[in-house]
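To start, the structure under review is shown below, and the notes come after it.
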There are 2 protein chains.
Amino acid sequence: MAQSDTVDRILDAAEELFADRGFSETSLRMITSKAKVNLAAVNYHFGSKNALIHAVFARFLTPFSATLEKAFDELEDRCEGQPPTLNQTLWALTESAVRMPQRNEKGISIFMRLLGLAYTQSQGHLRKFLEQEYGDPFSRFMRLLKEATPQLSAVDRYWRIQFMLGATAFTMSSSDALRDILQNKLGVETTVQEIAARLVPFLAAGMQAEDTMLIPPSGSKVSVA
Amino acid sequence: MAQSDTVDRILDAAEELFADRGFSETSLRMITSKAKVNLAAVNYHFGSKNALIHAVFARFLTPFSATLEKAFDELEDRCEGQPPTLNQTLWALTESAVRMPQRNEKGISIFMRLLGLAYTQSQGHLRKFLEQEYGDPFSRFMRLLKEATPQLSAVDRYWRIQFMLGATAFTMSSSDALRDILQNKLGVETTVQEIAARLVPFLAAGMQAEDTMLIPPSGSKVSVA
DNA sequence: GTCTGTTTGAAACATACGTTTGAAGTCAAC
DNA sequence: GTTGACTTCAAACGTATGTTTCAAACAGAC
């Protein structure tokens, strides 16, 4: 059995189990028994459980961030100095995610859920790792968002970006469960691509909402600068 | 030391620790040492760790769901048979949350984060508990949302509600941290009420977005029913 | 075939967890 | 002052975890 075989089988099993159950709730023994390798193999090949978590993310994120940078490059080239629109920027992101070569049919949704978990489960080491390794494309995405919404005040834009991240991370982090519910209730199959196709218009509309108080709550002191 | 003292101190410590670190990542020993009570007190007063988690949710959700039902009653009375608008429904919810009597200044944001975790961390027992105990007001909220957005297909509405929940739970769950960042970066103070005032228009705009593909991704097969 | 560095294997290690136990303490009622 | 129900306490229990150990198996080079 070649080394890469054991390593890849550990990564495959870990990826799926982490996505299903979260990081703390997945033990090395679950991973190694699913991967049909010896327990010690994880610490031999990766060094620690945390390092394994990093490796799972790196296997997807490294090619993805390269693809994303290229997509941003193309987008900015196409716009010839004009800042790309909000929709163009959001689509560049989702397209890059959707077009990544998949190991299997569940590839994207598994990884979307992992990203959501990374954001919600406050694993300090993981956040630090992601920031260090993939902070650059993220900053670039933020800059594009800023240029695409010049009408927003810095404060409004700040909060609305948080709302966007929240809707995305949250939906993706539970998308398998949500899909199951949807299928049982409404008998509809849904792919990640379709979720993204619904999410982007929602986000774009929210980002560009008029920020007037449509119905000020009676009696409460809500003030908007 | 009266019983209620120990019980409340356990609940206070558990609430805060769960919100900070998640359920599995918080041990009974952390809780009891923060609460300055004996380790066995948790199992004595609550029976198990899972029952403690339920109690933490019940302490907030039981009065909240009563307040919410009253707010919905008033709203429907005021509308005299007409279905309340989306903005009215959202405001009824956020006002009920904001007006809940707080144990401390972090009250709402802590509980928002707990709700987010309940949704994200797949704790089967917790989801079952919440469904059983508080399914009614939730269903009512869903019904109001449905009546307020008759133009949406069931599938569109389903997903957009998930996006709303995500933006809300995510933002509120980390609003303390976000507020700090905002104050440091932009020198602006922000209250939970003001965040809500920004969030509701964002959500309303997203819910009512035209679901046309504004910029169909070139070449990819995204279909929207 | 033998040697050498790498990988696997079964077992043990130390630690942390949720839970249980039984004695000690508390406090009001009688 | 004694009783009896309720609460706290220190200690232990059994189990599960991440990690380490070291011998066995393997593979390619000579």
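Naming convention: chains lettered A, B, ... in sequence-line order (proteins, then strands); numbering from 1 in each chain. For clarity, every value in this text was computed on a predicted model and none was experimentally measured. Values below: every heavy atom of this structure, side chains too, minus hydrogens, waters and symmetry copies.
Within the nucleic acid shown, B:Thr26 comes within 4.0 Å of sugar-phosphate atoms alone, with no base atom in reach, counting heavy atoms only.
A salt bridge does not link B:Arg140 with B:Asp136: none of the charged nitrogens is closer than 4.0 Å to a carboxylate oxygen.
In this model, the phosphate group of C:dT8 is approached by a side-chain N or O of A:His45 to a distance below 4.0 Å at OP1 or OP2. Between B:Thr6 and D:dT8 there is a side-chain N or O to OP1 or OP2 distance below 4.0 Å. Close to C:dA16, at under 4.0 Å from its OP1 or OP2, lies no side-chain N or O of B:Ser27.
Take the nearest nucleotide of DNA chain D for A:Tyr44 and for A:Met30: the residue whose nucleotide is more 5' is A:Met30.
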(request) Tell me, with the steps shown, if A:Phe138 and A:Glu131 meet side-chain contact (heavy atoms from CB on, under 4.5 Å). (result) CA-CA 9 Å; A:Phe138 184 75; A:Glu131 236 165 66; over 6 Å; no
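Scanning all heavy atoms of the two residues, the minimum distance from B:Met164 to B:Leu90 falls at CE-CD2, 3.5 Å.
In this structure, B:Phe129 CZ and B:Asn50 CG are separated by 11.0 Å, a value rounded to the nearest 0.5 Å.
One can place CD1 of B:Ile10 at 11 Å from C1' of D:dT8, the figure rounded to the nearest angstrom. In this structure, A:Leu17 places its CG atom 15 Å from C1' of D:dT17, rounding to the nearest Å. Per the geometry, CG belonging to A:Leu52 stands 14 Å off C1' belonging to D:dT19, to the nearest Å. Between B:Asn43 atom CG and C:dC17 atom P the separation is 14 Å, expressed in whole Å.
If you check the side chains of B:Glu25 and A:Ser24, you find a donor sitting under 3.5 Å from an acceptor.
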Between N or O atoms, less than 3.5 Å apart, protein on one side and nucleotides 10-12 of chain C on the other: list the pairs.
residue: C:dA10; atom: N7; partner: A:Asn38; partner atom: ND2; Å: 3.4

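Counting only distance, with no hydrogens or angles, the side chain of A:Lys70 and the backbone of A:Ser96 share no donor-acceptor pair below 3.5 Å.
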